[in-house]
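Worksheet: the structure to be examined is printed underneath.
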Amino acid sequence: MTSTSSQMRPFRAADLGTLAVMAFSGEAPDGDMPYLLAYSLGDGEGGPEGSKVAIEQLLRDNGLPVGDTLLDGARQPSLPLTLLVEAGQAVVTMPYLNAQCLVPPEWLVAVGERGYAYFLFATRAWPDAVPGKPVAPENLAAFAGDEGTLLSAAHVLLPARSLRG
């Protein structure tokens, strides 16, 4: 008889690989939507598959479902995920993760009007989108709009906070 251990593997941040966050805005029926896309380059010790498993564990451990469920962060105050928008930057914080990125002016306008951003945390690696290098709009659309990316990601409407009261 064979048995499997129910003990979970301990989380190791290094397994995530290089994480990046990218801000962009897009048209929605009710005006521009500010998006934040978090993804791994898939360059952790276990490669893209190891990064995927590590991100899935990180999301699960923080109560973020993967798939087509959209969480409204404003209705879940205990959600361990925050967005700070300050000085032209977006800072996303959750356990084991603190990422910041510069945001374009149109993103700032959209997040100012809505009060939140649509946060998409992809479990699928995107090795072509190296931080600090421009990504062609068609490449962004191909990755972020791909059904495989969307169905294997966490989706959260994340309230934007600032240091000003």
Side-chain angles (χ1 to χ4, degrees), residues 16-43 48 51-52 54-56 58-59 62-165:
L16 298 169
T18 303
L19 289 179
V21 175
M22 179 185 300
F24 61 97
S25 58
E27 291 180 27
D30 56 348
D32 278 352
M33 175 67 77
Y35 292 96
L36 286 171
L37 171 63
Y39 60 94
S40 172
L41 296 182
D43 57 354
S51 293
K52 179 181 189 296
I55 292 169
E56 287 172 341
L58 174 68
L59 295 173
N62 286 287
L64 301 172
V66 171
D68 59 2
T69 301
L70 176 61
L71 292 182
D72 184 347
R75 295 176 189 252
Q76 300 198 6
S78 64
L79 193 67
L81 177 64
T82 61
L83 168 61
L84 175 68
V85 178
E86 194 67 37
Q89 294 190 36
V91 181
V92 177
T93 305
M94 65 188 293
Y96 302 105
L97 171 67
N98 183 355
Q100 66 185 43
C101 68
L102 292 174
V103 295
E106 62 273 11
W107 189 93
L108 284 172
V109 169
V111 83
E113 290 174 355
R114 290 184 179 267
Y116 63 86
Y118 191 118
F119 179 69
L120 178 77
F121 200 140
T123 62
R124 186 174 154 205
W126 193 18
D128 301 334
V130 178
K133 294 188 178 178
V135 174
E138 59 272 12
N139 292 345
L140 172 60
F143 180 80
D146 180 78
E147 185 176 12
T149 299
L150 294 171
L151 292 176
S152 64
H155 304 260
V156 182
L157 296 179
L158 195 52
R161 296 176 173 85
S162 70
L163 295 177
R164 296 178 214 122

Is [Y] close to [X] at the side-chain level, that is, under 4.5 Å between some pair of heavy atoms?
| X | Y | answer |
| --- | --- | --- |
| Glu147 | Leu150 | no |
| Val103 | Cys101 | yes |
| Phe119 | Leu83 | no |
| Val92 | Thr82 | no |
| Val21 | Pro131 | no |
| Phe24 | Glu106 | no |

Which residues pass the side-chain contact (heavy atoms from CB on, under 4.5 Å) test with [X], not counting sequence neighbours?
| X | answer |
| --- | --- |
| Ala141 | none |
| Ser78 | none |
| Asp128 | Trp126 |
| Ala142 | none |

Is the side chain of Asn62 donor-acceptor paired with the backbone N or O of Leu64 at a distance under 3.5 Å, no angle test?
no
Between the side chain of Ser162 and the main-chain N/O of Val85, is any donor-acceptor distance below 3.5 Å?
no
What heavy-atom pair brings [X] and [Y] nearest, and what distance separates the two atoms?
| X | Y | value |
| --- | --- | --- |
| Val135 | Ala129 | CG2-CB, 3.9 Å |
| Ser40 | Leu16 | OG-O, 2.6 Å |
| Val156 | Gly73 | CG1-N, 4.3 Å |
| Pro48 | Ala125 | CB-CB, 4.0 Å |

For the pair Arg114 and Asp30, find out whether any cationic side-chain nitrogen is under 4.0 Å from an anionic carboxylate oxygen.
yes
List the steps, then state whether side-chain contact (heavy atoms from CB on, under 4.5 Å) holds for Leu140 with Leu37.
CA-CA 10 Å; Leu140 172 60; Leu37 171 63; 4.0 Å; yes
Considering only residues two or more places apart or on different chains, which pairs with a residue in residues 85-98 satisfy side chain to side chain donor-acceptor pair (under 3.5 Å)?
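Listed once each, the pairs are Glu86-Arg164, Gln89-Gln100.
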Measure the [atom1]-[atom2] distance between [X] and [Y] for me, rounded to the nearest 0.5 Å.
| X | Y | atom1 | atom2 | value |
| --- | --- | --- | --- | --- |
| Tyr116 | Leu157 | OH | CG | 5.5 Å |
| Leu59 | Leu81 | CG | CG | 9.0 Å |
| Leu158 | Leu71 | CG | CG | 10.5 Å |
| Leu36 | Met22 | CG | CE | 11.0 Å |
| Leu58 | Ser51 | CG | OG | 11.5 Å |

Side chains of Thr18 and Asp43: donor-acceptor distance under 3.5 Å anywhere?
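Present: a donor and an acceptor within the cut-off.
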Checking Ser152 against Arg124: is there a side-chain donor and acceptor pair closer than 3.5 Å?
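Judged by distance alone, the side chains do not pair up.
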Chi angles and distances behind the side-chain contact (heavy atoms from CB on, under 4.5 Å) call for Tyr39, Leu19
CA-CA 6 Å; Tyr39 60 94; Leu19 289 179; over 6 Å; no
Which residues share a ring pair (Phe, Tyr, Trp, His ring centres under 6.0 Å) with Tyr118, sequence neighbours left out
Tyr35, His155
